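The structure appears right after this line, and notes come after that.
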Amino acid sequence: DNPDVDLDLTLDRGLIMLENHKEQGAARVRLRVGKEIWDFTLNEPKTAVGMELFGRWAAGILFQKEPTDPPEEPAINFGVLVLEGSVDVHHRQQQHHMHAPPGPAALVWNSSDTEELRPLRLERLPRRATPEGWNTPHGMKMLAALYRLRDAIVEKSLDTALANGLKSTDPNTRFVTVTALGAFDDLPRLIDALSAPQADVRERAVTVLRNWIGRGPGQDARLYQALLDKGFKPAHAEIVMNGLHSFSDEQRQNPELYEILIAYLMHEVPAIRQLASWHLYRLVPAGKDIAYDPLAPEADRAAAHDAWKKLIPDGKLPPKVKSEKGKEGK
């Protein structure tokens, strides 16, 4: 118990909202984020503040089976948004006064930053932080899918709800289910999702796993072991792990990267084919019209492979695309 605060909690990942429900006076909250301590004073009743935490490996850092010295760690990203009222924020030796828009309403911190924190001025709340942001056809469908999954977990079981959600004919249900796999640390199903028959499940699985390994040190090793437990060969598991990391600017200027990714389109492991195509479509906009399905028959995959080789010959970098104004993009 901490008599100096009304609430002392640890945020491991995800998004939370804190609100002052006192009839009068301020509410004091101590938030622990990794090794960092943040103190928030919600100055008035009904003051509300949203906070989001996620980690991501910095581009260019590859998977290491053995710990490095000093150990590599993913960067932690922490954001604060004042929704209503005013908040005083204290972190390390810095203190800032923030309030709902218009004014200094947002704050973004990254564990790799050394510069002084500076609240960001907003004229209005971001749309996704308002009721109107969710009151759209897509937003309402996503909320409905989330509530269905919640109810299925309560009425049946977590295992049954997740299994049924992955087989749902509704893409929104599949989306929230794959996201839930990461929240519940269900690595076996997440690994299977990389080679699921539905393209949207595979795509979401890549994003969820990238976020999952970025949660903190040691996550990479846990996922690597889970791949081995699923029957992946060590070399194949290492390829998957590196495919869940990002490439630096220097690596993206190396033609060998594209040669490897294109070769992986014909790899024997579907998860590796999925990750190779995931990167290629994001790194090479000029290839967006090349149709490729990692689960398609070999002849179809070979045709797509050859189209990629024609677009990016060995020893070459991807062609630049022209913007709408006729300028070449990066």
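What you see is a predicted model, and the numbers here were worked out from it, not measured in a lab. Atoms considered below: every heavy atom in the structure, side chains included; atoms not considered: hydrogens, waters and symmetry mates.
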Sub-3.5 Å donor-acceptor pair from the side chain of R174 to the main-chain atoms of V201, do we have one? no

Salt-bridge contact R301-D293 (side-chain N to carboxylate O under 4.0 Å): no

For L42 and T47, work out which heavy atoms get closest and say how close. CD2-O, 3.6 Å

Sort and list the pairs that fulfil side-chain hydrogen bond (donor to acceptor under 3.5 Å, both in side chains) and have at least one residue in residues 206-215, not counting sequence neighbours. R56-N211, D185-W212, D185-R215, R210-S246

Output yes when a side-chain donor or acceptor of T160 lies under 3.5 Å from a complementary backbone atom of K156, and no otherwise. no

Taking the side chain as everything from C-beta on, heavy atoms only, tell me whether L311 gets closer than 4.5 Å to P319. yes

Compare all side-chain heavy atoms of H96 with those of L117 and state whether any distance is below 4.5 angstrom. yes

Crowded around K309 NZ? As in, over 12 foreign heavy atoms under 6.0 Å? yes

Could you tell me how the ring of H91 sits relative to the ring of W38: parallel (under 30°), tilted (30 to 60°) or perpendicular (over 60°)? parallel

Mind checking whether L283 and P318 have side chains closer than 4.5 Å, heavy atoms only? no

Apply salt bridge (charged side-chain N to carboxylate O under 4.0 Å, His left out) to E52 and R128, showing your working. CA-CA 13 Å; E52 186 171 15; R128 76 183 187 111; 2.9 Å; yes

Residue pairs involving residues 79-90 (criterion side-chain hydrogen bond (donor to acceptor under 3.5 Å, both in side chains); sequence neighbours excluded): N43-S86, N43-D88, E44-S86, D88-H97

Sorted by chain and number, sequence neighbours left out, ring pair (Phe, Tyr, Trp, His ring centres under 6.0 Å) with F54 holds for none

Distance col, row L227:CG vs L190:CG, nearest 0.5 angstrom, shows 10.5 Å

Test salt bridge (charged side-chain N to carboxylate O under 4.0 Å, His left out) on K65 and E238 and set out the steps. CA-CA 8 Å; K65 286 192 292 186; E238 191 168 352; 3.7 Å; yes

Side chains of V206 and L194: does their closest heavy-atom pair fall under 4.5 Å? yes

Can we say E132 and R124 salt-bridge, meaning some charged N sits less than 4.0 Å from an Asp/Glu carboxylate O? no

Joint cluster assignment, L261 & L317, ILVMFWY side-chain distance < 4.5 Å: yes

Whether the N254 and E250 side chains hold a donor-acceptor pair (N or O, under 3.5 Å, no angle test) is what I'd like checked. no

Could you tell me whether the side chain of D229 reaches within less than 4.5 Å of the side chain of Y224, counting heavy atoms only? no

Between S195 and R202, a side-chain donor and acceptor under 3.5 Å: no

Does the pair D186/R189 count as a salt bridge with the N-to-O cut at 4.0 Å? yes

Whether over 12 other heavy atoms sit under 6.0 Å from E298 CD: no

Okay, side chain of Y292, backbone of L265: is any donor-acceptor separation there less than 3.5 Å? yes

Any chance CD of E268 has more than 12 other-residue heavy atoms, nucleotides or ligands included, within less than 6.0 Å? yes

V108 and R118: side-chain contact (heavy atoms from CB on, under 4.5 Å), yes or no, with the steps? CA-CA 8 Å; V108 179; R118 295 184 182 278; over 6 Å; no

Donor-acceptor under 3.5 Å (T130 side chain, R127 main chain): yes

Partner of F247 under side chain to side chain contact (heavy atoms under 4.5 Å, CB included), picked from Q253, R252, R282, is R252

Could you tell me whether a side-chain N or O of H245 sits under 3.5 Å from a main-chain N or O of G60, the two making a donor and an acceptor? no

Give a yes or no on whether R121 atom CZ has more than 12 heavy-atom contacts from other residues, nucleotides or ligands under 6.0 Å away. yes

Compare all side-chain heavy atoms of V269 with those of K233 and state whether any distance is below 4.5 angstrom. no

Within a reach of under 6.0 Å around OH of Y147, are more than 12 heavy atoms found that belong to other residues, nucleotides or ligands? no

Would you find a donor on one side and an acceptor on the other, under 3.5 Å apart, between the side chain of E36 and the backbone of V33? no

In plain terms, say whether R30 and D39 are close enough for a salt bridge, that is, a side-chain N and a carboxylate O under 4.0 Å apart. yes

Decide, yes or no, whether a salt bridge links D192 with K230 under the criterion of side-chain N to carboxylate O below 4.0 Å. yes

Show your reasoning for whether side-chain contact (heavy atoms from CB on, under 4.5 Å) applies to L31 and M51. CA-CA 10 Å; L31 187 70; M51 303 171 187; 3.5 Å; yes

So NE2 of H138 and CE of M140: to nearest 0.5 Å the spacing works out to 12.0 Å

NZ/K22: more than 12 non-hydrogen atoms of other groups inside 6.0 Å: yes

Check for a donor-acceptor pair, side chain of D6 on one end and backbone N or O of R28 on the other, with a separation under 3.5 Å. yes

Do S168 and D170 meet the criterion of a side-chain donor-acceptor pair at a distance under 3.5 Å? no

Judged by atom type as modelled, is there a donor-acceptor pair below 3.5 Å linking the side chain of R32 to the main-chain atoms of T10? no

